[in-house]
Amino acid sequence: MKESAASLNFIEHIIEEDLANGFPQDKLRFRFPPEPNGYLHIGHAASICLNFGLGEKYNAPVNLRFDDTNPAKEEQEYVDAIKKDIAWLGFKWANECYSSDYFQQLYDWAVQLIKEDKAYVDQQSSEEIAAQKGTPTTAGTPSPYRNRPIAESLDLFERMKNGEFSAGSYLLRAKIDMASPNMHMRDPILYRIVNAAHHRTGTDWCIYPMYDWAHGQSDYIEQVSHSLCTLEFKSHRELYDWYLDQINDSNLLRPKQREFARRNLSYTVMSKRKLLELVQKKIVAGWDDPRMPTISGLRRRGYTPESIRKFSDVSGISKRDNVTDVSLLEYCIREDLNKRATRVMAVLNPVKLVITNYPEGNTEMLSMENNPEDPNSGTHEVPFSRELYIEREDFKEDGGKKFFRLSLGNEVRLKSAYIIKAESVVKDKDGNILEILCTYDPESRSGSGTEASMRKVKGTLHWVSIDHAIKAEVREYDRLFLDEAPDSHEDKNFLDFVNPESLRVIKEAYLEPYLSNATLDDKFQFQRLGYFTLDTDSKEGQLIFNKTVGLKDTWAKQSQQATPQAQKAAPAPSNQGKRKALNEIQQISKKLTNFSGDKLESALSSILDLAEEVSYEELEPLFNTAAKKVGTRIGVMLSLGVLLKKGQARNEAINSFIEAGLADDNELLKREAEKVNSL
RNA sequence: UGGUCUAUGGUGUAACUGGCAACACGUCUGAUUUUGGUUCAGAAGAGUCUAGGUUCGAGCCCUAGUAGACCAACCA
């Protein structure tokens, strides 16, 4: 359900407008039309949520239609995976349809087109046809077979269908306009001969319709009212409409195609071809590798359907190119898992801790809340004893004031257990810490209600009893690519940006015994570490956990900032490299007054660099920049300085521009004007 | 170099038929906290790509630029 106050996206505006113009709401019908040649990914989720969301919003049916017109690439495996993913996301389709269901109807319509002299059989090679097609800037030339007699085309087309010809020898083309500025209108192909078994129709057919011929007609057959697709199909719309014109019965509903931008996610790729390449080159373990942006990968990683729907909802729909920050996706899954994940303890990088005043051989069972966010979630028991593991990072001999964890002489609480104090450490001869010796306060047990148990201490650590711990493998994931948009570089292949450390396997992590009963459906929070879920590779007695996402970690951020190595992101060269220098200077300049420190310095120096490519003639008009546009004036001042240094002579215009700068209230502008004035 | 589309804080989207540029993420403070999580309170951050025009008034309309995307598969 959509919240009523929510603003509408442009597709919803179109539908509202259609409704306002008298389109009956009960005629609204949508469809999601995947090609079964790969797995669904988070980008498809946008389209799925759009179409099925519209269906829910307007109480309209939504078909799942497999666009299966290319037997060479399509497989039943993909059909099954796609259905599973959509169902998992929680959507119900009205009908399960296949373009292949309409092959006979499509064939009949094609025959009709030939009879009306709107289609003809061609018999040239693909090279010849491509050459005749022309280019976007030059018109094409007609095929020599364009005016083949109708009867001949009819005969040939039937023989194509009957399997008399080899693949590639003949095709059926629409007769439209070889000079159209729209390449898709230059006699597009309707049918080609393909000798491959189809996953549903087997070898019944040896001619197969092209996308354009199949898609719009399928929409029409199913009486889809709004056919939504991604932007790259925009230029197909003219052909979509032309085909519909040829067969349209005015008593029936005529579908309309509308296009929206596909959704991209930072630090990953979102094309089936590239995803397939990652699978085939074994860079990932499969389509459902938890690092993949596929629905199945995200599911295996521990994402919930709710989180993905939320992400789609909050990302919106529009017509501009976009790269959505993966942090938005992570926010959505954290928000969901925080409410539902069972809190447990696990130590991934252990160091031994001995409580010297705790009785040897003693074990007590402590109670731990399953989820503090949910009062009805209950508790479970966790064993405590004299020898424990804690995280190595949770101890420092001398932690300093801002270190809230365990250090020598300081107290800290063991979550749901006792308050302990570190007394000494045992090291090997290289200085590595072997064990931490502590004492505990027997009065301080969690929930005991004693005064000692209420004491405030600086930090709380998670832990696990060595004797009772179970071992498991834990897999931690990092982004698959090191670049924000790995496939946006003309000069580099996306594979160049693969992150070599995207998978980190911890062979032996220590978990509280409660986890031995974990199932694939369970969601856990390993306290203070993140959200984890069982991986499908797990076997009896060999648990494997995937880290879905870490907790927000402000401490990690702080300690990273403290270390000077901070590899400050150099201003991304991005895809604006070809922008004219002056234009870029204007872009940077306007933000100047908002910058300070490093950012300001780096902006100023990029302006100086860019100014090397600017001529005086280009720059002079900008002397008239409005007084309030201080940033731009600073940028112009800087550029002027560069020109003067290169020998540009001072003139009236220059002098008055500098004068104005000197007299300005803005410190930075004044300063730069002074510098330039003294050149 | 032809056609089509797009341009709003760092990111993603809003802003109804022209009327104070809003929301979320992210960032930064502070409070609470037996998770450096959550929650709560707050802050910073936008000359709405540029230059003109119409208008009492333009993110929105017009003109001209600029930048980016898409289009020349017997793929979808």
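Quantities reported herein were computed from a predicted structural model and do not represent experimental measurements. So you know, we letter chains A, B, ... as the sequences are listed, proteins then strands, and number each from 1.
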Checking all strands, does [X] fall into the base, sugar-phosphate, or nothing category for heavy-atom contacts under 4.0 angstrom?
X         : value
Glu259(A) : nothing
Ile419(A) : nothing
Ser126(A) : base
Glu373(A) : base
Lys456(A) : sugar-phosphate
His236(A) : base
Thr138(A) : nothing
His215(A) : nothing
Phe233(A) : base
Lys310(A) : nothing
Glu35(A)  : sugar-phosphate
Pro372(A) : base

Do [X] and [Y] have side-chain N/O donor and acceptor atoms under 3.5 Å apart?
X         : Y         : result
Arg263(A) : Thr324(A) : yes
Ser327(A) : Glu330(A) : no
Asp219(A) : Tyr240(A) : yes
Gln124(A) : Asp122(A) : yes
His380(A) : Glu512(A) : yes
Tyr211(A) : Asn70(A)  : no

Can you spot which of Trp213(A), Tyr107(A), Phe103(A) makes a ring pair (Phe, Tyr, Trp, His ring centres under 6.0 Å) with Tyr208(A)?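 With Tyr208(A) as partner, Trp213(A), Tyr107(A), Phe103(A) yield a single ring pair (Phe, Tyr, Trp, His ring centres under 6.0 Å), made by Phe103(A).
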
Can Tyr211(A) be said to stack with the base of A76(B), given centres closer than 5.5 angstrom and planes under 30 degrees apart?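 Ring-base stacking flag not set for Tyr211(A) and A76(B).
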
Between Tyr331(A) and A24(B), do the rings stack, that is, sit under 5.5 Å apart with planes less than 30° off each other?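 Base of A24(B): not stacked against Tyr331(A).
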
Position toward the 5' end of RNA chain B (nearest nucleotide), Leu414(A) or Ser327(A):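 In this pair, the answer is Ser327(A).
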
Nearest to the side chain of [X] - [options]?
X         : options                : value
Thr554(A) : G37(B), U35(B), U13(B) : G37(B)
Phe403(A) : C74(B), G36(B), A76(B) : G36(B)
Asn338(A) : G37(B), C25(B), A72(B) : G37(B)
Met210(A) : C75(B), A15(B), U8(B)  : C75(B)
Met183(A) : A72(B), U38(B), A7(B)  : A72(B)
Lys415(A) : A76(B), A14(B), U35(B) : U35(B)
Asn322(A) : U8(B), G12(B), U4(B)   : G12(B)
Thr137(A) : G36(B), G12(B), U1(B)  : U1(B)
Lys234(A) : G36(B), A76(B), U4(B)  : U4(B)
Leu551(A) : G2(B), G37(B), A69(B)  : G37(B)

Rounded to the nearest Å, what distance is computed from the [atom1] atom of residue [X] to the [atom2] atom of nucleotide [N]?
X         : N      : atom1 : atom2 : result
Asp321(A) : C49(B) : CG    : C1'   : 15 Å
Gln558(A) : C28(B) : CD    : C1'   : 12 Å
Tyr267(A) : G12(B) : OH    : P     : 13 Å
Leu231(A) : C5(B)  : CG    : C1'   : 6 Å
Ile11(A)  : C16(B) : CD1   : P     : 18 Å
Asp394(A) : G37(B) : CG    : P     : 14 Å
Arg343(A) : U38(B) : CZ    : C1'   : 8 Å
Leu461(A) : G36(B) : CG    : P     : 8 Å

Would you mind pulling out the nucleotide paired to G2(B), Watson-Crick or G-U wobble, both distances under 3.5 Å?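 Partner of G2(B): C71(B).
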
Pairing nucleotide - A44(B), Watson-Crick or G-U, each distance under 3.5 Å: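 Here A44(B) is not engaged in any pair, so there is no nucleotide opposite it.
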
Looking at the base of G36(B), is there any donor atom on it, or on the side chain of Arg405(A), that sits under 3.5 Å from an acceptor on the other one?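 Indeed there is one.
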
Test: Lys396(A) cationic atom under 6.0 Å from Phe403(A) six-membered ring centre, within 45° of axis: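 Yes.
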
When you compare G45(B) with U39(B), how far apart are their C1' atoms, in angstrom units rounded to a whole number?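 Those two atoms are separated by 25 Å.
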
Taking atom C1' in both A7(B) and A43(B), what distance in whole Å separates the two?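 My reading of the C1' atoms in A7(B) and A43(B) gives 29 Å.
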
